[in-house]
Participant: 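Below: one structure in structure tokens.
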Amino acid sequence: MPETYVITFDVKESEVARFRVLLDPVLDAMRHEATFIHAALHAHPDRPNVFQLHETWTDRNDVLEVQLQRPYRREWHAALDQMLTAPRDIAIWQLLRSDR
């Protein structure tokens, strides 16, 4: 069953540009992974340094054991502590219904 990872980032104002420079190539690369379904990055309308990322994948084990270890994620993961005001908040959601 597909799962969506909802990840909230509170980025230091001075690090917003770097946050995007490091994250955008990760999003570009992961769209080619076999278990990837969808990703969407959102910015808070009143707090432009707060972002929410929704990543939907078909296989949790693949995400945890393979995807998080991909070389294209290394620089991004290594920089998170420097860019964020607090640890990212990660929640896992299962889809019950989708309307388009």
Side-chain angles (χ1 to χ4, degrees):
M1 171 178 287
E3 292 183 326
T4 299
Y5 300 82
V6 179
I7 310 160
T8 304
F9 304 90
D10 192 341
V11 180
K12 295 175 185 173
E13 290 183 20
S14 62
E15 295 287 342
V16 169
R18 181 177 175 215
F19 176 84
R20 291 295 309 274
V21 163
L22 292 175
L23 177 58
D24 286 351
V26 172
L27 298 176
D28 291 341
M30 71 187 199
R31 78 168 62 124
H32 302 288
E33 300 292 352
T35 61
F36 174 81
I37 296 176
H38 175 78
L41 180 64
H42 308 268
H44 191 288
D46 299 321
R47 297 175 57 207
N49 64 308
V50 176
F51 297 88
Q52 193 170 75
L53 176 61
H54 298 197
E55 294 182 29
T56 304
W57 297 83
T58 61
D59 184 329
R60 182 187 295 194
N61 287 334
D62 181 67
V63 169
L64 299 176
E65 297 173 14
V66 177
Q67 299 307 325
L68 292 177
Q69 313 309 319
R70 293 283 189 209
Y72 61 76
R73 291 180 180 262
R74 285 189 191 130
E75 186 178 7
W76 158 251
H77 284 149
L80 282 175
D81 286 344
Q82 300 166 351
M83 295 187 297
L84 303 180
T85 64
R88 60 195 161 160
D89 179 58
I90 303 172
I92 301 172
W93 293 81
Q94 293 181 336
L95 182 66
L96 296 179
R97 178 178 167 165
S98 177
D99 301 303
R100 293 185 191 257

Participant: Working note: Met30 + Tyr72, criterion side chain to side chain contact (heavy atoms under 4.5 Å, CB included); need CA distance, chi angles, decisive distance, verdict.
Facilitator: CA-CA 9 Å; Met30 71 187 199; Tyr72 61 76; 3.4 Å; yes
Participant: How long is the span from the CZ atom in Arg74 to the CG atom in Leu22, to the nearest 0.5 Å?
Facilitator: 15.0 Å
Participant: How far does OG1 of Thr4 sit from CD1 of Ile37, to the nearest 0.5 angstrom?
Facilitator: 7.5 Å
Participant: Does Thr35 have any side-chain contact (heavy atoms from CB on, under 4.5 Å) partners at least two apart in sequence or in another chain, and if so, which?
Facilitator: Trp57, Thr58, Asp59, Asp62, Gln67
Participant: Report, as yes or no, whether the 6.0 Å neighbourhood of atom CD on Gln52 holds more than 12 heavy atoms from other residues, nucleotides or ligands.
Facilitator: yes
Participant: Quick one: side-chain hydrogen bond (donor to acceptor under 3.5 Å, both in side chains) partners of Glu65, sequence neighbours excluded?
Facilitator: none
Participant: Treat each ILVMFWY residue as a node, draw an edge where side-chain heavy atoms are under 4.5 Å apart, and state whether Leu80 and Tyr5 are in one component.
Facilitator: yes
Participant: Show me the pairs that pass salt bridge (charged side-chain N to carboxylate O under 4.0 Å, His left out) and involve residues 30-45, at least two apart or across chains.
Facilitator: Asp28-Arg31, Glu33-Arg70
Participant: Can you list everything that forms a salt bridge (charged side-chain N to carboxylate O under 4.0 Å, His left out) with Arg97? Sequence neighbours excluded, please.
Facilitator: Asp99
Participant: Between Thr56 and Pro2, is any pair of side-chain heavy atoms under 4.5 Å apart?
Facilitator: yes
Participant: Please collect all ring pair (Phe, Tyr, Trp, His ring centres under 6.0 Å) contacts where either partner lies in residues 11-34, sequence neighbours excluded, each pair once.
Facilitator: Phe9-Phe19, Phe19-Phe51, Phe19-Trp76
Participant: Partners of Ser14 by side-chain contact (heavy atoms from CB on, under 4.5 Å), sequence neighbours excluded?
Facilitator: Lys12
Participant: Check which hydrophobic residues are tied to Trp93 through side-chain heavy-atom contacts below 4.5 Å, counting indirect links as well, and list them.
Facilitator: Val6
Participant: The criterion is side-chain contact (heavy atoms from CB on, under 4.5 Å); which residues satisfy it with Ile90, sequence neighbours excluded?
Facilitator: Ile7, Arg88
Participant: Please answer: with hydrophobic residues joined when any side-chain heavy atoms are less than 4.5 Å apart, are Val16 and Leu23 in the same cluster?
Facilitator: yes
Participant: Run the side-chain hydrogen bond (donor to acceptor under 3.5 Å, both in side chains) test against Asp24 and tell me which residues pass, sequence neighbours left out.
Facilitator: Arg20
Participant: Could you tell me the separation between the OG1 atom of Thr85 and the CD atom of Glu15, rounded to the nearest 0.5 Å?
Facilitator: 11.5 Å
Participant: Sorted by first residue and then second, give each salt bridge (charged side-chain N to carboxylate O under 4.0 Å, His left out) pair with at least one member in residues 2-11; sequence neighbours left out.
Facilitator: Glu3-Arg60, Asp10-Arg47
Participant: My understanding is that only residues two or more places apart in sequence, or in another chain, count here; which of them pass ring-ring contact (aromatic ring centres under 6.0 Å, His included) with His54?
Facilitator: His42
Participant: Identify the heavy atoms of Val21 and Pro25 that sit nearest to each other, and give their distance.
Facilitator: O-CD, 3.1 Å
Participant: List the residues meeting side-chain contact (heavy atoms from CB on, under 4.5 Å) with Pro48, not counting sequence neighbours, and say none if there are none.
Facilitator: none
Participant: Are the side chains of Val11 and Leu84 in contact, using a 4.5 Å heavy-atom criterion?
Facilitator: yes
